[in-house]
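When a residue number appears, it is its place in the shown sequence, counting from 1. Keep in mind that the numbers below use all heavy atoms, side chains included, and drop hydrogens, waters and symmetry copies. When a ligand or atom number is given, it counts from 1 through the structure's own listing order.
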Amino acid sequence: MINDNLKIPQHIGFIVDGNGRWATRQGLSRSMGHKAGCDNIEKISLYAFGKGVKYISYYVFSTENFKRSKEEVDFLMNLFSTSFKKYAKKLHKNNIKIIFSGRKEPLPQKVIDASLEITEMTKNNTGGIVNFCLNYGGQAEIIDATKKIAQDVKDGKINIEDITISNYKSYLYQDLPELDFLVRTSGEHRISNFMLWQLSYAEFYFPEVCFPDFDENEFDKALLVYNKRDRRFGGINYENKNN
Ligand code: IPE
Ligand code: IPE
Ligand code: MG
């Protein structure tokens, strides 16, 4: 049982990784791993919001994942256009708002339509925000923001001097607080192009378990790890006697 005096990260990012290996190790198809990963998103979201987390960004498909076999990409696109609506209804019942970050191109229209439907259905919910990073790339997001800024300068809406760290944020896909805690499952220690701007002062955690096995108990373990970190943001925490 976890104690209730813990600091709770306001915004958690999950690099949902290891679905394929989780399935292959059990003699299942990689697709079954993706299905299990999606089921887990629903479970972990409800648990995390219950603990007081406000925002969760899930990296579910990168701009680079189109390099995979047609069979795997097609399966994932079907999952995003059909099963996601089912999960969304459950989250909607729990007052959770769902948003999507990423490029539209070259997603199939059915995935774009499902994401618009889900966004519309949940837009007035106030119990937490799930941000699905789908066809998402951190570099693409920075390029897309830069293009919007360049256009605004060209159109005379802003001056070059007006470009600041705080208003750059408003040109990103979502105007959410930066990430406090990044969890990448499956033992891989890399960012793979996730939220390059928003991770500037996040704490990183790389559990060995694959995402379908990242359950409530793993979440509690992650929270304990987060609570041991001394977040300094470039300053010095004089209350910590080790500093
Ligand atoms: C993460 O699991 C989900 C996606 C990238 C779509 P993977 O599919 O990357 O699983 P592994 O890393 O190959 O095991
Ligand atoms: C990162 O995982 C992307 C998502 C989890 C959606 P990958 O499995 O695609 O990353 P790499 O290829 O191992 O770096
Ligand atoms: Mg992977």
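In this pair, F84 and F132 present their aromatic rings tilted. The plane angle is within the 30 to 60° band.
Salt bridge annotation for E218-K221: present, with a cationic side-chain nitrogen under 4.0 angstrom from a carboxylate oxygen. Between K43 and D39, no side-chain nitrogen of the basic residue sits less than 4.0 Å from a carboxylate oxygen of the acidic one, so the salt-bridge criterion is not met. The residues D152 and K154 are annotated as not salt-bridged, no charged nitrogen and carboxylate oxygen being separated by less than 4.0 angstrom.
Listed by chain and number, I15, V16, D17, Y59, V60, F61, S62, N65, R68, R184, R190, S192 each place a non-hydrogen atom less than 4.0 angstrom from ligand 2.
Listed by chain and number, the residues in a side-chain hydrogen bond (donor to acceptor under 3.5 Å, both in side chains) with S29 amount to none (sequence neighbours excluded).
A donor-acceptor contact closer than 3.5 angstrom is absent between the side chains of N125 and T122. Residues S45 and Y87 have side chains that never bring a donor and an acceptor to within less than 3.5 angstrom of each other.
The shortest side-chain heavy-atom distance between I99 and L176 falls under the 4.5 Å cut-off.
Of all protein atoms, those of element N, O or S that lie under 2.8 Å from the Mg ion (ligand 3) number 1.
Sorted by first and then second residue, the pairs that involve residues 9-30 and meet salt bridge (charged side-chain N to carboxylate O under 4.0 Å, His left out), not counting sequence neighbours, are D17-R21, D17-R184, R21-E188, R30-E72.
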